[in-house]
Amino acid sequence: MVPVAFIDRARKGLGSPGVAALNTGSRRMMSHRLTAVEEFPSMDSMRDRAREIRLYSLAHLDELLARFTDEVEAQGGHVFFAADGEEAIGYIRRLAERENVGRIVKSKSMVTEEIHLNDALEAGEFEVVETDLGEFIIQLSGDTPSHIIAPVMHKTRQDVGRLFADKLDVEYTDDPQELNGIARSHLRQIFLDADMGISGCNVAIAESGTVSLVTNEGNGRLTTTAPRVHVAIMGMERIVPTLGDAAVILEVLARSATGQKLSVYTSLITGPRRPEEPDGPDEFHVVILDNGRSRVLGGDTAEILACIRCGACLNVCPVYREAGGHAYGFTYSGPIGAVLVPSLLGLEDWHDLPYASSLCGACLDACPVRIDLPELLLRLRRDAVAQGYPPPGLERVIGWYAGLATRPALWRTALRAAGLGSKVLGRKGWISSLPGKGAAWTDHRDLPRPATRPFHARWKERNGGT
Amino acid sequence: MVKVQLFVTCLVDSFFPEVGEAVVDVLERHGCTVEFPFDQTCCGQPAFNVGYHDQAREMAQHTIEVLDATEGTIVVPSGSCADMMINHTPELFDGNDELRGAAERVSARVKEFSSFLVDELGITDAGAVCAGRTATYHPSCHGFRNLGIRVQPETLLDHVSGLERVDLPDAETCCGFGGLFSVELPEVSASIMSTKLTNVEATGANLLVGVDVSCLMHLAGGLRRRGSTIEVKHIAEVLNGEPAS
Ligand code: SF4
């Protein structure tokens with residue numbers, strides 16, 4: 001059993017102001033996406049193309065990563081393959097020590113959240129500052145992201161206003177423009193003093209050894225150009241063959257994530273600063289993180305690695321919208337989290353996540369690379385049962401039900417018995433209170449009484465028996 | 001005469017037999033000879049969806065054996081069970097050619113009720129009357145997304161004489177039922193349901209219609225708990241209303 005299950009975390013979120021804010025925010029993002037898709041008649045074929053590119057890349061990962069590495073090294077950059085978070089952190093720490101780094105700035109990167117990089121670096125006495133507005137707010141409030149694109153979806157602007165007044169010694173305001181301005185001026189000097197910038201990578205391009213990064217605030221390019229050392233960290237699946245392929249991915253990404261044609265800033269970073277260039281880092285390092293990915297690649301949820309982290313599946317997911325991102329207990333939430341987290345980290349600790357879905361399929365409709373998330377959830381549920389982590393309290397009921405459903409005469413008798421027996425439970429054909437597991441239904445809704453004459457019996461009467 | 005087999009589903013069998021009777025009435029009225037393979041029980045979806053493939057396979061095998069011995073389209077008054085039989089049952093028998101073959105034969109014959117009427121019988125006006133009612137339609141997810149049952153139910157409802165149909169806001173969002181999800185994550189299920197019911201109430205309709213009794217059972221139970229007077233019906237019951245023959 002997981003120590004704190006999805007349902008316990010969800011209960012904290014249900015009906016809270018934070019989750020209400022997240023619900024509104026994700027619906028807004030969803031409608032932006034729908035508008036962007038409507039305005040772009042070839043979106044469907046673009047999605048097919050994006051899917052093809054991603055699946056091709058997964059199938060040729062070794063060769064693409066090798067090419068990428070050669071190209072980065074040819075430009076004077078360095079590539080490090082990290083088997084897990086610990087190795088990635090170790091590499092970055094050693095690098096920071098060697099380079100006498102004091103202050104580190106970061107742009108938004110979910111993969112660094114995945115390995116809890118900040119905590120580790122801060123424990124090593126480096127000062128780490130998040131420069132994406134959302135991540136900055138998360139860091140300032142000691143919180144964790146609730147959405148992979150909009151990490152502070154669960155906070156209202158009043159929450160942010162109070163936080164800034166409290167921590168940054170400014171007047172309270174809840175005007176978004178002013179809040180933005182406060183963060184900007186606070187961060188500006190920090191950028192100039194930073195020795196190392198750590199970024200994520202939206203898409204890596206094998207043919208040129210390029211790391212591409214999209215942001216809407218411009219903090220990404222400051223992070224990657226102002227400090228002396230730039231470290232880009234990426235999941236090992238985040239690669240495509242060519243610049244043209246990357247363009248397709250970035251276009252469907254922007255439309256699916258925020259409804260934009262393209263993000264405001266797209267940076268293509270190829271190697272450290274060249275002698276003739278005015279700015280850019282002296283050192284350029286790429287950390288390529290496995291952390292369970294090669295295992296996933298060989299398993300039957302491998303398709304999840306085609307994800308381009310657009311967040312569209314979160315925005316349309318009714319479970320995510322009502323329970324909130326924190327209910328998933330990890331960096332990746334919503335349908336992508338429910339599949340990716342147990343795939344990467346194992347079902348032993350995360351077997352509740354595949355059940356955090358009604359299997360409605362809205363995520364598959366929304367996914368720009370058409371990942372069959374409901375199918376992957378079903379496979380993980382099958383594996384959870386097979387590995388001995390079934391949802392609590394079902395084993396006996398299911399076995400007993402299957403026993404009836406494979407014995408037709410017994411089935412018919414049982415249905416009649418249920419109809420007759422349940423007469424004591426409810427008046428006027430409805431039951432409003434059941435004991436035990438049944439309360440999970442009747443705590444929230446009435447239950448019709450099973451029919452005294454089931455369909456089988458009625459058919460028999462209707463046709464004089466067949 | 002078109003011969004059809006009725007697979008009534010476990011929920012209709014046990015909780016809503018009147019829906020099964022309405023299905024038979026409507027089909028017969030439109031020229032079908034309806035047979036009901038008497039040994040049928042449950043397609044196995046409840047077990048399959050929570051990961052119990054062994055038990056799902058036993059139930060699915062029973063279902064296949066019962067249905068493979070019959071002929072004609074298998075009409076199912078549920079998008080969700082039809083989806084199970086069409087899209088999942090065959091894969092349960094991977095590695096067993098004989099059963100996989102039977103599952104595929106059965107799966108190819110399965111059709112959800114409303115889409116059978118429209119797509120195969122070519123009916124848009126079922127000749128039903130439902131005077132003075134305002135209805136809204138909730139598309140259940142599996143039929144809607146996995147089987148493409150998008151326009152058929154609304155087309156049929158639009159031709160019911162005397163019935164006014166109003167669009168349900170945010171219709172495509174799940175109602176929160178999700179099978180055992182409704183009791184495994186009851187608070188989350190109820191919270192999603194509540195959003196759906198608020199949308200249903202906002203339409204001003206006095207009748208909520210669907211093609212899946214499972215979601216309808218959950219929504220009707222929720223409406224009743226709210227003290228609402230909105231009635232909930234399966235589409236077959238509406239199409240069987242006071243036939244204008
Ligand atoms: S699974 Fe699809 S929809 Fe979800 S974040 Fe990834 S790419 Fe976007």
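Nothing here was measured: the structure is a model prediction, and the numbers come from that model. For the numbers below, each heavy atom of this structure counts, side chains included, while hydrogens, waters and symmetry mates do not. To find a chain, count down the sequence lines: A is the first, B the second, and so on, and within it residues start at 1.
Between A/Arg11 and B/Val188, every side-chain heavy-atom pair lies at or beyond the 4.5 Å cut-off. For the pair A/Phe455 and B/Val24, the minimum side-chain heavy-atom distance is below 4.5 Å.
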Take B/Glu91 and A/Arg382 through the test salt bridge (Lys or Arg N to Asp or Glu O under 4.0 Å) and record every step on the way to the result.
-> CA-CA 13 Å; B/Glu91 90 202 27; A/Arg382 175 204 61 202; over 6 Å; no

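For the residue pair A/Arg407 / B/Thr41, no side-chain donor-acceptor distance below 3.5 Å is found, with atom types taken as modelled. Side-chain contact of B/Asp13 with A/Trp411: a donor-acceptor pair under 3.5 Å is present, judged by distance alone.
In this structure a side-chain-to-backbone donor-acceptor pair under 3.5 Å is missing from A/Arg458 to B/Glu21.
Paired with A/Glu322 under the rule side-chain hydrogen bond (donor to acceptor under 3.5 Å, both in side chains), one option of B/Ser194, B/Ser189, B/Ser191 passes, and it is B/Ser191.
Only the side chain of A/Arg321 comes within contact range of chain B, with heavy atoms under 4.5 Å apart.
Under a 4.0 Å N-O distance rule, the pair B/Glu187/A/Lys12 does not qualify as a salt bridge.
Of all heavy-atom pairs spanning A/Lys460 and B/Phe38, the tightest one is CD-CZ, 4.0 Å. Considering every non-hydrogen atom in both A/Arg445 and B/Gly222, the closest pair reads CB-N, 3.6 Å.
Under the 30°/60° scheme for interplanar angles, the aromatic rings of B/Phe36 and A/Trp459 are found to be tilted.
Put simply, of A/Glu395, A/Arg379, A/Arg416, the one with the most heavy-atom pairs under 4.5 Å next to chain B is A/Glu395. The candidate from A/Gly403, A/Gly361, A/Ser358 with the greatest count of non-hydrogen atom pairs under 4.5 Å with chain B is A/Ser358. Among A/Val397, A/Asn23, A/Leu404, A/Thr442, the residue making the largest number of heavy-atom pairs under 4.5 Å with chain B is A/Thr442. Listed options A/Gly393, A/Ala451, A/Ala405, A/Pro318 were ranked by heavy-atom pairs under 4.5 angstrom with chain B; first place goes to A/Ala405.
To the nearest 0.5 angstrom, B/Asp83 atom CG is 10.0 Å from A/Leu359 atom CG.
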